[in-house]
Number of protein chains: 2
Amino acid sequence: MEKPPGSEIEIFRDFIKKKGLRYTSEREIILREIFNIHDHFDVDELYLRLRNKGHRISKASIYRTLPLLIECGLVQEVYHEDGHMHYEHIYGHEPHAHFRCLSCRRVEEFKDQRLEEVAREYAEKYGVEIKMTRFEILGYCSTCRGGEG
Amino acid sequence: MEKPPGSEIEIFRDFIKKKGLRYTSEREIILREIFNIHDHFDVDELYLRLRNKGHRISKASIYRTLPLLIECGLVQEVYHEDGHMHYEHIYGHEPHAHFRCLSCRRVEEFKDQRLEEVAREYAEKYGVEIKMTRFEILGYCSTCRGGEG
DNA sequence: AAAGTATTGAAACAAAATTTCAATAAGGTA
DNA sequence: TACCTTATTGAAATTTTGTTTCAATACTTT
């Protein structure tokens with residue numbers, strides 16, 4: 001069950017301890033499950049996955065844990081769609097942007113150095129401290145272009 | 001009451017007609033009020049502004065009109081905060097990005113040519129049709145950096 | 001082992017957004 | 001202009017998301 005130092009587990013535990021909070025099994029189980037999902041997810045999906053694995057963790061705990069994971073930089077809000085937020089884990093991933101098809105709802109990731117440059121330069125120019133960035137393109141994918149779009 | 005062709009009013013009316021819908025006074029009043037707000041807004045704020053001007057337009061109508069305005073490119077979802085969406089009108093504005101301070105909640109706009117380049121190149125490379133883009137930096141502004149952040 | 005306190009699950013609650021439905025009004029036609 | 005068809009409206013009900021409450025539990029320290 002041990003993870004090497006520098007893993008998301010370590011980071012989360014250190015963060016929790018540093019805040020004077022308690023590192024509980026529920027919090028770890030939620031974290032582990034999130035890092036098992038190699039895609040975007042929402043609260044409901046995460047809840048059901050935990051349930052299907054026999055964990056009886058409440059949605060309240062998920063809602064309470066997510067802000068902590070976001071605060072320590074392991075998880076990110078990606079986009080708000082269908083009336084609720086969608087998340088992804090980001091530790092160990094290069095920063096990336098998203099394309100979302102408004103028709104088929106598919107989400108594609110892509111990287112571009114320039115986006116980080118823009119953010120870095122803005123931060124320098126205005127003396128702000130960057131916590132995270134988000135770049136999204138919304139439109140119609142090549143498949144959907146001809147159709148209903 | 002007439003606006004020159006190419007105005008947001010014209011665009012909206014043409015869009016509505018083209019969809020076979022009806023161009024109602026409620027829809028126009030909502031559109032006009034949105035373009036009077038030179039800042040981000042949410043549904044509640046828009047509703048109260050209309051009310052204060054004596055318009056008795058329901059929130060349901062606002063919720064029904066916003067997707068139409070977004071679909072025809074006059075309005076954009078900017079960010080989701082405090083449990084609800086925030087919008088801005090975009091017609092006549094240059095594309096811009098946002099910095100949001102996680103501490104004081106202030107939102108600053110800025111422009112950077114490179115963001116549109118990135119989007120344009122992605123669209124060309126993957127054959128997608130861009131409807132809109134969104135670039136956000138979240139962090140702590142120069143004032144809040146030292147403090148609670 | 002005992003005390004103190006953060007966390008949990010369940011349920012109550014609050015808020016955002018959508019849907020329902022009867023009344024109204026837009027827009028076309030005679 | 002009067003009439004007809006049907007989309008739209010406001011109000012209320014409903015659904016869904018997310019937060020809060022609270023008693024029970026479990027972590028941590030002494």
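Below, chains carry the letters A, B, ... as their sequence lines are ordered, and counting in each starts from 1.
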Quiz item: Taking atom C1' of C/dA10 as reference, at what distance in whole Å does atom CD1 of A/Ile62 sit?
Solution: 14 Å
Self-check item: Contact pattern, 5' to 3', of nucleotides 13-18 of chain C - B, S or - by protein heavy atom under 4.0 Å
Solution: ---SBB
Self-check item: A/Arg64: partners by salt bridge (charged side-chain N to carboxylate O under 4.0 Å, His left out), with sequence neighbours left out
Solution: none
Quiz prompt | Pair B/Glu121 + A/Arg114, salt bridge at N-O below 4.0 Å | solution = yes
Check: residues 72-81 of chain B side-chain donor-acceptor pairs under 3.5 Å, at least two apart:
unit_1	atom_1	unit_2	atom_2	d
B/His80	NE2	A/His80	NE2	2.9
B/Glu81	OE2	B/Arg100	NH2	3.2

Quiz item: With B/Glu109, which residues qualify under side chain to side chain contact (heavy atoms under 4.5 Å, CB included), at least two apart?
Solution: B/His40, B/Glu88, B/His96, B/His98
Quiz item: So, are B/Glu129 and B/Lys131 salt-bridged, with charged N and O less than 4.0 Å apart?
Solution: no
Side-chain atoms of residues 14-22 of chain B: list all donor-acceptor pairs with protein atoms under 3.5 Å, sequence neighbours left out, distances to 0.1 Å.
unit_1	atom_1	unit_2	atom_2	d
B/Lys19	NZ	B/Glu71	OE1	3.0
B/Lys19	NZ	B/Glu71	OE2	3.0

Quiz prompt | Partners passing side chain to side chain contact (heavy atoms under 4.5 Å, CB included) against B/Ser142 (at least two apart in sequence or in another chain) | solution = none
Practice problem: Return the angle between end axes of the helix from C/dA1-D/dT30 to C/dA30-D/dT1, with five pairs used per end and rounding to 10°. | Solution: 30°
Quiz item: When only distance counts, do a donor and an acceptor, one from the side chain of A/Arg64 and one from the base of D/dG18, lie under 3.5 Å apart?
Solution: no
Check: protein-nucleotides 26-30 of chain C nitrogen or oxygen pairs below 3.5 Å:
unit_1	atom_1	unit_2	atom_2	d
C/dA26	N3	B/Arg22	NH1	3.1
C/dG27	OP1	B/Lys17	NZ	2.8
C/dG27	OP1	B/Tyr23	N	3.0

Self-check item: Selection: residues 47-58 of chain A, any non-hydrogen atom under 4.0 Å of DNA chain C
Solution: A/Arg56, A/Ile57, A/Ser58
Exercise. Start with the C-alpha gap between A/Phe99 and B/Tyr122, add the side-chain angles, then the distance that decides, and say whether side-chain contact (heavy atoms from CB on, under 4.5 Å) holds.
Key: CA-CA 9 Å; A/Phe99 168 79; B/Tyr122 180 87; 3.5 Å; yes
Exercise. Check the pair A/Arg51 / A/Tyr47 against side chain to side chain donor-acceptor pair (under 3.5 Å), numbers first and verdict last.
Key: CA-CA 6 Å; A/Arg51 248 175 173 262; A/Tyr47 174 72; 2.9 Å; yes
Practice problem: May I ask you to decide whether B/Glu8 forms a salt bridge with B/Arg32, counting only side-chain N to carboxylate O separations under 4.0 Å? | Solution: no
Self-check item: Residues forming a side chain to side chain contact (heavy atoms under 4.5 Å, CB included) with B/Asp82, sequence neighbours excluded
Solution: B/His84, B/Arg105
Exercise. Specify the separation, in whole Å, of atom CD1 of A/Ile16 and atom C1' of D/dA26.
Key: 16 Å
Exercise. Starting at atom CG of A/Leu66, determine the distance to atom C1' of C/dT7, rounded to an integer number of angstrom.
Key: 16 Å
Exercise. Please report, rounded to the nearest Å, how far the C1' atom of D/dT8 is from the CD atom of B/Glu28.
Key: 16 Å
Practice problem: May I have the distance from B/Leu68 (atom CG) to D/dA7 (atom P), rounded to whole angstrom? | Solution: 14 Å
Self-check item: Summary of salt bridge (Lys or Arg N to Asp or Glu O under 4.0 Å) pairs that have at least one residue in residues 34-46 of chain B, sequence neighbours excluded
Solution: B/Asp44-B/Lys59
Quiz item: side chain to side chain contact (heavy atoms under 4.5 Å, CB included) with A/Glu116: which residues, sequence neighbours excluded?
Solution: A/Pro95, A/Gln113, A/Arg120
